[in-house]
Amino acid sequence: MGRVMVMLTAAAAVVACSVAAVMVRRRVKRRRKWRKVVGLLKDLEESFETPLGRLRQMVDAIAVEMQAGLVSEGGSKLKMLLTFVDALPNGSERGTYYALHLGGSYFRIIRVHLGGQISSLEVQDIERHSIPTSLLNSTSEVLFDFLASSLQKFIEKEGKESVSSQDVKRELAFTFSFPVKQTSLSSGVLIKWTKGFAISEMAGEDIAECLQGALDRRGLDIHVAALVNDTVGALSYGHYHDPDTIAAVVFGTGSNACYLERTDAIIKCQNPRTTSGSMVVNMEWGNFWSSRLPRTLYDIELDAESLNSNDMGFEKMIGGMYLGDIVRRVILRMSQESDIFGPISSILSTPFVLRTNSVSAMHEDDTSELHEVATILKHLGVPKVPLKVRKLVVKICDVVTRRAARLAAAGISGILKKVGRDGSGGEGRRRGDKQMMRRTVVAVEGGLYSNYKMFREYLDEALIDILGDDVARHVVIKAMEDGSSIGSALLLASSHSVRTISNI
């Protein structure tokens, strides 16, 4: 009996040792895999780093590219498009006007009434709709018939006391969030589609005429009287409420900026006849490129698989359409090189399946167990991961978003440098000149800025880093909602009283 007990004890010891050895090997293996993931995270942080020196080099590069784009067509990656807007609304405008805004993810229709004073601006009606994905690759006729149909339904809902009951032709501003070479305030041809649109036969077509044709086919008595880039509309709305507004930036599905430039600095503009001495320039800054941009393997792969590869490099680092996919690519690579996320999900392998609003929700998840992160990962086919892996995902979101926000801040600072509002003196000004320290307002619109708190905070922080406290306190970033749509209607109203450019 004693021998049996000894043998059983020995066998149990052997089994225990074997189990312990297996557990140790598994633990060592898990630690090795985790160290590999930590190494990947460290590489990510280093490659996405935006030190102050690099940001300031970007500021200089943007200012140089802006100047080159003003000298000649094709002289810069920045198109620096003329807008035929040389005077911004001032509050004296009167009348009822409409605006239709085609953006990257949504379209809006509004009606505003102006009573001749800033306080009398009344947004009488507004509708927002998602853009059906089927339209992104449709035809021009299908796209504009859809917009005309939506506008018709909007008008049919107007009350009896509205302008619809009067014998007055409605005037419409078409806010168009894509690159257009304008030939007048009310006309311009499409340069190219961005933000996922791909309607090939429209390149070179007059955008206002396309919409006007669709309205005419429906028998609608509406005149497309202004064609306005969304950034220009935002600048118009910002300036209407605050005359210190000299630039506007949109951070939404894509990103772009415009600003007020002296006409004598626009060398490629032949004999501009303006009374104000300035003109709004649409930068189309999404196409900016510089060796100073911290481009990574994830950016290269995203670009290669996008509809517009080798194009819009800056936008693909800061635009809301792309940030989610960069985060997805990082998570996918970690899944491929480690099993911390479990088996590789086919959903996770799908481009653009992770939207930036989900990145925002994960990044700003303040629950102790990161429940929102767990929920979103489950939708990506990653059902169960421990808390430390969820924390890793939050860190990935932070690294990607921080880079985007700091690059965006460098873009804004580049504009301020070009117009002499960055404290460096600018064109024709000496350091210490009081004029360069004037209050400067930059209007900002778009869901990425307004809805993503961490993006907003990182951008504001980077502006202070780049400009310094003394200059930054003179710069105001003013967020707006629907400013580009309302501002386009304001520009249309303003153009009825003053037209200061006849041709360029």
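Counting heavy atoms from C-beta on, the side chains of Phe288 and Met283 never come closer than 4.5 Å. Using a 4.5 Å heavy-atom threshold, the side chains of Arg403 and Thr296 count as touching. Here the side chains of Leu136 and Trp193 are not in contact, with every heavy-atom distance at 4.5 Å or above. For the pair Asn256/Val249, no side-chain contact is recorded, criterion being any heavy-atom separation below 4.5 Å from C-beta on. The closest side-chain heavy-atom distance from Leu354 to Ile376 is below 4.5 Å. The side-chain heavy atoms of Arg406 and Asp465, taken from C-beta on, include a pair separated by under 4.5 Å.
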Test log, rule side-chain contact (heavy atoms from CB on, under 4.5 Å), inputs Val180 and Leu81:
CA-CA 8 Å; Val180 167; Leu81 300 171; 5.7 Å; no

Would you sort out whether Arg108 and Glu127 count as a side-chain contact (heavy atoms from CB on, under 4.5 Å), showing the intermediate values?
CA-CA 6 Å; Arg108 301 170 180 83; Glu127 288 185 1; over 6 Å; no

Tyr259 and Leu235: side-chain contact (heavy atoms from CB on, under 4.5 Å), yes or no, with the steps?
CA-CA 8 Å; Tyr259 73 107; Leu235 175 58; 5.8 Å; no

The test is side-chain contact (heavy atoms from CB on, under 4.5 Å); show your working for Thr245 and Met480 and say whether it passes.
CA-CA 12 Å; Thr245 306; Met480 301 183 304; over 6 Å; no

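Glu261 places no side-chain N or O within donor-acceptor distance of the main-chain N or O of Val281, the cut-off being under 3.5 Å. With Glu445 contributing its side chain and Ser484 its backbone, the two residues share a donor-acceptor pair below 3.5 Å. Judged by distance alone, the side chain of Ser424 and the main-chain N or O of Gly420 form no donor-acceptor pair under 3.5 Å. Between the side chain of Thr83 and the main chain of Val280, a donor-acceptor pair closer than 3.5 Å is present.
Inspection of the Ser76 and Glu65 side chains reveals an N or O donor paired with an N or O acceptor under 3.5 Å. If you check the side chains of Ser360 and Asn357, you find no donor sitting under 3.5 Å from an acceptor. A donor and an acceptor atom, one from each side chain of Tyr452 and Thr356, are nowhere located under 3.5 Å apart. For the residue pair His101 and Ser177, a side-chain donor N or O sits within less than 3.5 Å of a side-chain acceptor on the partner. For the 3.5 Å distance criterion, the side chains of Lys316 and Ser306 qualify, holding a donor opposite an acceptor.
The CG atom of Leu370 sits 10.5 Å away from atom CE of Met362, with the distance rounded to the nearest 0.5 Å. One distance of note links CE of Met312 with OH of Tyr322; it measures 7.0 Å at 0.5 Å rounding. The SG atom of Cys258 sits 8.5 Å away from the CG atom of Asp230 when rounded to the nearest 0.5 Å. One distance of note links CZ of Arg402 with NE2 of His363; it measures 10.5 Å at 0.5 Å rounding. To the nearest 0.5 Å, the span separating CG on Asp482 from OG on Ser488 amounts to 11.0 Å.
Atom CZ of Arg54 is surrounded by more than 12 heavy atoms from other residues, nucleotides or ligands within 6.0 Å. Residue-environment remark: OH (Tyr106) stays at or below the threshold of 12 foreign heavy atoms within 6.0 Å. For CD of Glu46, the number of neighbouring non-hydrogen atoms (other residues, nucleotides, ligands) closer than 6.0 Å is greater than 12.
Residues Ala405 and Tyr458 share a closest heavy-atom pair of CB-CB, 3.5 Å. In this structure, Gly319 and Leu448 approach most closely via the heavy-atom pair C-CD2, 4.4 Å. In plain terms, the two heavy atoms of Thr367 and Glu372 that are nearest each other are OG1-N, 4.5 Å. Gly254 and Glu315 get closest at one heavy-atom pair: CA-OE1, 3.4 Å. Smallest separation of non-hydrogen atoms from Ala409 and Leu459: CB-O, 3.7 Å. The two residues Arg328 and Pro351 come nearest to each other via the heavy atoms NH2-CA, 3.5 Å.
Look at Glu284 and Lys192 and you find no salt bridge, because none of the NZ, NE, NH1 or NH2 atoms lies under 4.0 Å from a carboxylate O. One finds a salt bridge joining Arg329 and Asp325 here, because a Lys/Arg side-chain nitrogen approaches an Asp/Glu carboxylate oxygen to under 4.0 Å. A salt bridge links Lys395 with Glu45: at least one charged nitrogen is closer than 4.0 Å to a carboxylate oxygen. Look at Asp242 and Arg439 and you find a salt bridge, because one of the NZ, NE, NH1 or NH2 atoms lies within 4.0 Å of a carboxylate O, short of that distance. The pair Asp303-Arg295 meets the salt-bridge criterion, with a side-chain N (NZ, NE, NH1 or NH2) lying under 4.0 Å from an Asp/Glu carboxylate O. For Arg390 and Asp365, the salt-bridge test fails: no basic side-chain N is under 4.0 Å from an acidic carboxylate O.
Below 30°, between 30° and 60°, or above 60°: for Trp285 and Phe251 the angle between ring planes is between 30° and 60°, a tilted geometry. Ring pair His241/Tyr237 is perpendicular by interplanar angle, where above 60° counts as perpendicular and below 30° as parallel. Taking the six-membered ring where tryptophan is involved, the planes of Tyr298 and Phe48 are tilted, since the angle between them lies from 30° to 60°.
For Tyr97, the side chain to side chain donor-acceptor pair (under 3.5 Å) criterion is met by no residue, not counting sequence neighbours.
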